[in-house]
Participant: 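If you scroll down you'll find the structure; I have some questions about it.
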Amino acid sequence: MHTLTATEIADRVRAGVLNPRDLHAALLDRIRRRDADIGAFLQLPEPTQFSTGGVLAGVPVAVKDNICWQDQPTTCASKMLEHFRPPYSATVVELLQASGATLLGKTNMDEFAMGSSTETSALRRTRNPWDLTRVPGGSSGGSAAAVAAGFCPIALGSDTGGSIRQPASCCGVIGFKPTYGAVSRYGLIAFGSSLDQIGVFARSADDANLLFNVIAQPDPRDATCDPSAIAKLDALPDNLAGARIGLPAEYFDTDGLNAEVKSVVMTAVEQLRARGATVKNIRLKNLKYAVPTYYIVATAEASSNLARFDGAHFTERTAADDIAALMSRTRDQFFGEEVKRRIMLGTYVLSAGYYDAYYARALKVRTLIAREFADAFAEVDLIASPTAPTTAFAFGERASDPLAMYLSDIYTISANLAGIPAISIPVGTDAGGLPVGLQLMAKRNADSSLLTAAKVCEEFSGWRNRVADGAGEQ
Ligand code: GLN
């Protein structure tokens with residue numbers, strides 16, 4: 001049952017030939033056998049419903065643990081929120097429930113979504129289902145691993161600078177970050193509010209489309225949420241019909257790009273050309289500023305967003321004689337190193353005297369990057385690149401060098417700065433069998449063109465609905 005797609009599950013459940021309880025029990029059995037090694041889940045509560053109707057009738061869905069689910073632990077993989085149970089559900093969780101999904105569990109992540117390997121989780125280690133000595137990517141590493149391992153066909157993640165696409169690339173699944181504002185952020189524990197976007201993991205393009213259509217709904221509780229300009233598709237076409245693909249020189253002529261990754265990505269682009277796309281080289285000269293710009297904007301917003309975890313409200317707290325000591329000791333004890341680094345960087349770039357030099361300047365560069373993309377999309381429909389410069393790396397390889405870790409996201413960060421949709425599509429492997437992701441970006445609200453491209457890639461990649469089966473598994 002673990003190889004059924006969401007589309008197949010919903011069809012069978014609605015037809016009365018598959019019982020959602022039986023499916024859940026079968027997947028739970030697989031999770032019990034394999035998740036001790038993989039570590040995708042933080043919590044596996046009893047499902048609150050087994051529905052036999054709806055678009056996602058009986059489809060098990062995993063949810064990243066920074067998305068609130070009423071009365072269930074929602075930890076952000078942090079000691080700070082280890083015992084937090086939100087009194088309300090995120091809009092996306094309500095939409096899943098309303099569409100008949102079975103909420104399967106909460107998945108591991110980098111603490112407060114800060115990282116690219118899931119190694120900063122304070123609660124658990126997650127391993128890559130294709131190679132247990134490798135990281136699953138991050139920060140949504142648990143969701144990516146759960147879908148790759150066949151624990152569930154689809155999952156939700158969040159993407160602030162690549163946290164859906166990069167782990168999707170590492171784990172050989174589709175990872176889709178919609179246009180900023182396509183999906184409500186209500187109930188997503190904020191990291192960088194102007195960059196954060198909830199999106200989907202799936203093993204097939206049709207499943208990604210199905211889940212996207214469920215969650216891309218207007219929501220009065222998130223003022224930035226407005227999917228009305230997105231033309232959602234009930235069924236994805238299987239051709240690209242003359243799409244123009246741009247290849248930015250800045251993304252391919254870089255030292256850090258692994259040669260095997262580059263060649264797999266170029267082969268995929270050739271295949272898209274053979275199926276009717278046109279391909280041209282383009283320049284995006286401001287791309288080199290994306291990583292520094294992101295690490296100013298994202299940390300500034302994080303320092304403000306994470307100020308609420310102060311020991312005085314709904315989080316853990318330490319004993320102290322006065323309120324100032326309570327706050328500083330609580331934050332010292334319950335935040336991890338990477339979170340503290342981000343809060344301090346963000347506080348610094350917002351402080352008097354440095355605000356103009358860093359934060360205000362970063363906002364200007366962000367505008368330049370967004371404009372450059374808008375200009376490029378006058379000439380091309382899609383921009384192609386690798387999703388990440390390498391395949392999944394080993395534990396510890398980048399954990400002690402924040403800068404090396406930050407460079408895992410050189411290809412993904414600019415889409416968040418520009419607010420445009422982007423997708424990672426599995427298109428091949430390196431010599432060691434580790435998956436390689438092709439990233440495609442499109443202009444705002446052209447989300448469906450990315451899902452269509454993912455569908456076309458399935459024709460030649462052999463990566464439709466591929467599950468990482470461990471030794472001894474069927
Ligand atoms: N890896 C990036 C970071 O650490 C992006 C994280 C994310 O998208 N949440 O900030």
Side-chain angles (χ1 to χ4, degrees), residues 64-67 76-78 107-122 126 135-144 155-171 175-178 180 183 185 188-201 256 290-303 305-306 335-346 349 362 366 387-390 392-393 397-399 401-424 437 439 441:
K64 187 178 182 179
D65 208 22
N66 59 352
I67 297 174
C76 287
S78 178
T107 56
N108 199 17
M109 54 186 281
D110 281 297
E111 185 177 4
F112 284 102
M114 296 171 181
S116 307
S117 65
T118 313
E119 289 170 289
T120 73
S121 169
T126 302
V135 302
S139 64
S140 314
S143 286
L156 291 182
S158 69
D159 190 312
T160 306
S163 277
I164 292 174
R165 290 159 285 155
Q166 187 263 5
S169 175
C170 290
C171 290
F176 174 48
K177 181 202 91 73
Y180 181 80
V183 178
R185 288 178 294 110
L188 169 69
I189 296 179
F191 166 8
S193 309
S194 75
L195 304 156
D196 295 340
Q197 188 57 210
I198 291 174
V200 313
F201 290 95
V291 172
T293 303
Y294 170 83
Y295 276 95
I296 293 172
V297 175
T299 59
E301 294 184 13
S303 76
N305 277 326
L306 271 62
F335 279 143
E337 288 306 304
E338 183 61 27
V339 174
K340 287 180 193 165
R341 182 180 297 121
R342 305 277 179 118
I343 290 172
M344 290 199 287
L345 280 170
V349 300
R366 180 180 188 175
T387 303
T390 66
F393 42 95
E397 200 177 306
R398 295 179 198 169
D401 181 353
L403 218 52
M405 190 68 85
Y406 296 172
L407 289 174
S408 312
D409 303 314
I410 48 171
Y411 296 119
T412 49
I413 272 171
S414 17
N416 302 77
L417 289 170
I420 58 177
I423 196 166
S424 178
Q439 177 178 252
M441 298 184 274

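Atoms within a ligand are numbered from 1 in the order they appear, just like the ligands themselves.
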Participant: Please identify each residue that fulfils ring-ring contact (aromatic ring centres under 6.0 Å, His included) with F112, with sequence neighbours left out.
Facilitator: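 Scan of F112 (ring-ring contact (aromatic ring centres under 6.0 Å, His included), adjacent residues dropped) gives F309, F335.
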Participant: Starting at CD of E337, measure out to OG1 of T120 and round the result to the nearest 0.5 Å.
Facilitator: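 If I round to the nearest 0.5 Å, the distance is 11.0 Å.
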Participant: What pairs of residues pass the salt bridge (Lys or Arg N to Asp or Glu O under 4.0 Å) test when at least one of them lies in residues 404-415, not counting sequence neighbours?
Facilitator: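 Matches after skipping sequence neighbours: none remain.
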Participant: Evaluate the ring planes of Y294 and F191, with Trp represented by its six-membered ring, and classify them as parallel (under 30°), tilted (30 to 60°) or perpendicular (over 60°).
Facilitator: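 The rings of Y294 and F191 stand perpendicular, inter-plane angle above 60°.
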Participant: Excluding sequence neighbours, so at least two apart, what forms side chain to side chain donor-acceptor pair (under 3.5 Å) with T412?
Facilitator: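 T412 satisfies side chain to side chain donor-acceptor pair (under 3.5 Å) with no other residue.
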Participant: Identify, chain by chain and in numerical order, each protein residue with a heavy atom under 4.0 Å from an atom of ligand 1.
Facilitator: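 Residues near ligand 1: A113, M114, G115, S116, S139, D159, T160, G161, G162, S163, F191, Y294, Y295, R342, D409.
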Participant: To the closest 0.5 Å, what do you measure between CG (D65) and OG (S121)?
Facilitator: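 It comes to 9.0 Å.
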